[in-house]
Amino acid sequence: MTQNGYQQGFPANPRAIAYQKRLYPWAIAKLMPSMQRAIVGRFRSRSDADGHLLCLRQLMPQATLVVVFDLQPDLEVPIAAPTAIR
């Protein structure tokens, strides 16, 4: 099984975190009431996400799980505007 580096520790730099999250755009989301979702795991490729989804559906048959392409984490990290050089 491949390592899912997204779930390991991140450096303290917010830009590095945003870049790290962009490396794993495929996610497995658990659909919950009131149109909410919880991300269960993130993956680099769609095939990795599909493989994990099959296993999760066997382990949790009552849960509603879907594979999504999620680039939304970029919106979570505010990036400061560059300062002018004098």
Side-chain angles (χ1 to χ4, degrees):
M1 182 161 60
T2 59
Q3 287 283 71
N4 190 349
Y6 174 79
Q7 295 175 349
Q8 296 174 358
F10 289 117
N13 184 354
R15 288 186 182 176
I17 292 171
Y19 175 71
Q20 184 74 17
K21 286 183 179 180
R22 280 184 289 175
L23 291 177
Y24 296 89
W26 292 99
I28 295 177
K30 180 179 179 183
L31 301 180
M32 300 178 347
S34 303
M35 298 296 292
Q36 294 182 349
R37 66 180 183 177
I39 300 297
V40 176
R42 291 189 171 276
F43 307 91
R44 278 187 184 244
S45 68
R46 168 94 192 232
S47 63
D48 285 346
D50 286 336
H52 281 76
L53 180 64
L54 290 175
C55 293
L56 287 173
R57 283 191 174 153
Q58 289 179 352
L59 293 171
M60 301 185 307
Q62 73 284 0
T64 305
L65 301 166
V66 293
V67 173
V68 295
F69 188 79
D70 182 29
L71 288 178
Q72 205 169 6
D74 287 348
L75 301 175
E76 296 173 5
V77 179
I79 298 176
T83 58
I85 299 174
R86 293 178 189 198

* To do: Only counting residues at least two apart or in another chain, list the ones meeting side chain to side chain donor-acceptor pair (under 3.5 Å) with Arg46.
  => Asp50
* To do: Output all residues satisfying side chain to side chain donor-acceptor pair (under 3.5 Å) with Thr64, sequence neighbours left out; order by chain, then residue number.
  => none
* Is there a path of hydrophobic side-chain contacts, each under 4.5 Å between heavy atoms of I, L, V, M, F, W or Y residues, that connects Met32 with Leu56? -> no
* Hydrophobic cluster partners of Leu54 (side-chain heavy atoms under 4.5 Å) -> none
Distance from [X] atom [atom1] to [Y] atom [atom2], nearest 0.5 Å?
X	Y	atom1	atom2	value
Ile39	Asp70	CD1	CG	5.0 Å
Phe43	Leu53	CZ	CG	9.0 Å
Ser47	His52	OG	NE2	10.5 Å

* All side chain to side chain contact (heavy atoms under 4.5 Å, CB included) counterparts of Val66, not counting sequence neighbours -> Ala29, Leu31, Val68
Determine the minimum heavy-atom distance between [X] and [Y], stating which atoms define it.
X	Y	answer
Ala49	Ile28	O-CD1, 3.5 Å
Ala27	Arg42	CB-NH1, 4.0 Å
Ser45	Trp26	C-CD1, 3.6 Å

* May I have all residue pairs that pass salt bridge (Lys or Arg N to Asp or Glu O under 4.0 Å) and include part of residues 24-34, sequence neighbours excluded? => none
